[in-house]
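First up is the structure itself, then whatever we jot down about it.
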Amino acid sequence: MRIIQKTWGELSQQPITAFTIRNNYGMEVTCLNYGCIITKIIAPDRDGNYENIVLGFKEFTPYITNEPYFGAVIGRVAGRISGASFELNGTTYTLHKNENGNHLHGGIKGFHRVIWDAATFEIGDETGVLFSYTSRDGEEGYPGKVDVQVTYTLNNRNELTIAYRAISDRDTPLNLTNHTYFNLSGNLKRDILNHQLKIKSDQFLELNQELIPTGMFLDVTDTPFDLRAGKVMKEGIEANHPQIALAGQGYDHPFLLNAHHDHEIILFDPESGRMLTVETDETGVVVYTGNQLPDGVDIYGVRSRKYLGVCLETQGLPDAVHHPHFPSWILRAGEVYSSVTRYKFSVATKADISNGGRNRSTVV
Ligand code: FUC
């Protein structure tokens, strides 16, 4: 395994480095010290063609603002905080309002728009990059100085592991995720409408018009949100359901996970045979089908459009600071925040999604 480093740009007189981690079987993950952005993942299809399976830009410049949050780590808090304020320990904190009077994805200069320290490592058959960032007390309105570490590790079993770790010197909200848009067709040959998605989840969160949870958990049974047996994305996206409609005709919803580190999320493209299995210790996953992707932006030579990628954002339930019955993501001073999400890339036959991917034939 090896890591190739390339200077890719410069920002605030600091170099932006692209790290390409390559395993012994040709799988590659490229990431930046800016926003911990994953710019490329190269994985084989069932015929052994190695192609890119994520959305991204060809050059660094559009990543500076990165409006769609391609590939980035999101923090301090993923998703929306209603009214851009919250109360903690008797104090009201006001955050940047960067969407409709609400706070989205950590604010104007969230973790996706800062330069991280980076160190590469190789331990046995695992190679990766350890990113570190210190978020100062008061950054984007949040309390406490938070030391954050995000580690991307690739192994020879075609698994990418993202491990998040943080410590704060004061109580503060922290709910991290990664915002990679997957498209398993390879080099964005097709959109994700014919991908299949399977999620072990009995309940999802109802959203209001501003895409913020109302606080209601809804049963997935008999709705387009029932992904327990696997569903073709198109069927759900084109469904006549008020929750699909309000998200811009698609998914942008948090699912409560029934299982952890047990094949709980499987994305499958029957045509290429590529299968992605996501396992996590997080409470939930926000499935976002790119409903708001702008038209016509250049994505590796392909014009962006709705449904060109799907994000599987493992995280705590959004806006939990306003819903005491949601699991809390307040990080207490001195305590360690720790979460792990693993992405397994394999290939499979068409039948495989129905049995949870257990019969899949891995490529290595
Ligand atoms: C996702 C969604 C949002 C948003 C964005 C780019 O996480 O929840 O609706 O548009 O990312």
Side-chain angles (χ1 to χ4, degrees), residues 35-38 54-57 62-82 84 95-113 162 164 173 175-183 191-192 197 199 201 204-214 225 233 236-237 242-257 265 267 278 280 282-295 297 299 304-323 326 329 341:
C36 304
I37 294 171
I38 293 176
V54 303
L55 270 53
F57 300 119
Y63 279 118
I64 297 173
T65 52
N66 195 8
E67 305 294 345
Y69 302 86
F70 283 158
V73 162
I74 308 294
R76 294 190 189 184
V77 173
R80 296 171 174 87
I81 294 182
S82 174
L95 307 170
H96 275 135
K97 294 184 170 137
N98 57 333
E99 194 198 61
N100 304 324
N102 301 313
H103 177 83
L104 172 66
H105 288 337
I108 296 165
K109 205 167 171 16
F111 291 177
H112 64 297
R113 286 187 184 162
I162 304 186
Y164 306 86
N175 185 19
L176 305 176
T177 193
N178 177 281
H179 208 281
T180 294
Y181 291 69
F182 293 98
N183 179 324
D191 59 32
I192 51 93
L197 182 61
I199 302 184
S201 168
F204 71 105
L205 288 181
E206 180 187 62
L207 301 180
N208 67 20
Q209 292 294 340
E210 293 173 349
L211 305 177
I212 297 177
T214 62
F225 297 88
M233 300 248 62
I237 286 170
Q243 283 291 307
I244 293 284
L246 73 69
Q249 203 58 40
Y251 296 92
D252 197 350
H253 291 76
F255 288 76
L256 188 66
L257 292 169
I265 307 164
L267 183 69
V278 183
T280 186
E282 282 293 1
T283 314
V285 59
V286 172
V287 175
Y288 171 56
T289 45
N291 321 321
Q292 302 175 43
L293 273 174
D295 264 320
V297 174
I299 304 182
S304 71
R305 55 190 189 272
K306 269 179 123 168
Y307 319 130
L308 191 60
V310 55
C311 299
L312 303 167
E313 305 163 47
T314 54
Q315 59 185 268
L317 301 182
D319 206 24
V321 283
H322 293 119
H323 298 286
F326 290 3
W329 25 255
T341 298

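Read the numbers this way: they start at 1 and go in the same order the structure lists the ligands and their atoms. Predicted model only: the values in this text are computed from it and were never measured. The figures that follow rest on heavy atoms only: side chains count, while hydrogens, waters and symmetry mates do not.
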Could you tell me the residue and atom name of the protein heavy atom closest to [atom], and the distance to it rounded to 0.1 Å?
atom                    : result
atom 2 (C) of ligand 1  : Asp252 OD1, 3.1 Å
atom 1 (C) of ligand 1  : His179 NE2, 3.2 Å
atom 6 (C) of ligand 1  : Tyr69 CD1, 3.7 Å
atom 7 (O) of ligand 1  : Glu313 OE2, 2.8 Å
atom 10 (O) of ligand 1 : Gln292 NE2, 3.1 Å
atom 3 (C) of ligand 1  : Arg80 NH2, 3.2 Å

Taking it one step at a time, do Glu210 and Arg80 satisfy salt bridge (charged side-chain N to carboxylate O under 4.0 Å, His left out)? CA-CA 9 Å; Glu210 293 173 349; Arg80 296 171 174 87; over 6 Å; no

Take Val285 and Val278, measure what side-chain contact (heavy atoms from CB on, under 4.5 Å) needs, and give me the verdict at the end. CA-CA 10 Å; Val285 59; Val278 183; over 6 Å; no

So is His105 close enough to ligand 1, meaning a heavy atom under 4.0 angstrom away?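 The answer is yes, since His105 has a heavy atom less than 4.0 Å from ligand 1.
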
With a 6.0 Å cut-off on the ring centroids, do Tyr69 and Tyr181 count as close?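 No, the ring centres sit 6.0 Å or more apart.
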
Tell me the closest heavy-atom pair linking His112 and Gly107, and the distance in Å.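 Looking at all heavy atoms of both residues, the shortest contact is CE1-O, 3.8 Å.
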
Asn183 side chain to Leu308 main-chain N or O, any donor-acceptor pair under 3.5 Å?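 Yes: the side chain of Asn183 pairs with the backbone of Leu308.
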
Under a 3.5 Å distance rule, please check whether Thr289 uses its side chain to pair with a backbone N or O of Tyr251 as donor and acceptor.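 Flag set: sc Thr289 to bb Tyr251 pair under 3.5 Å.
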
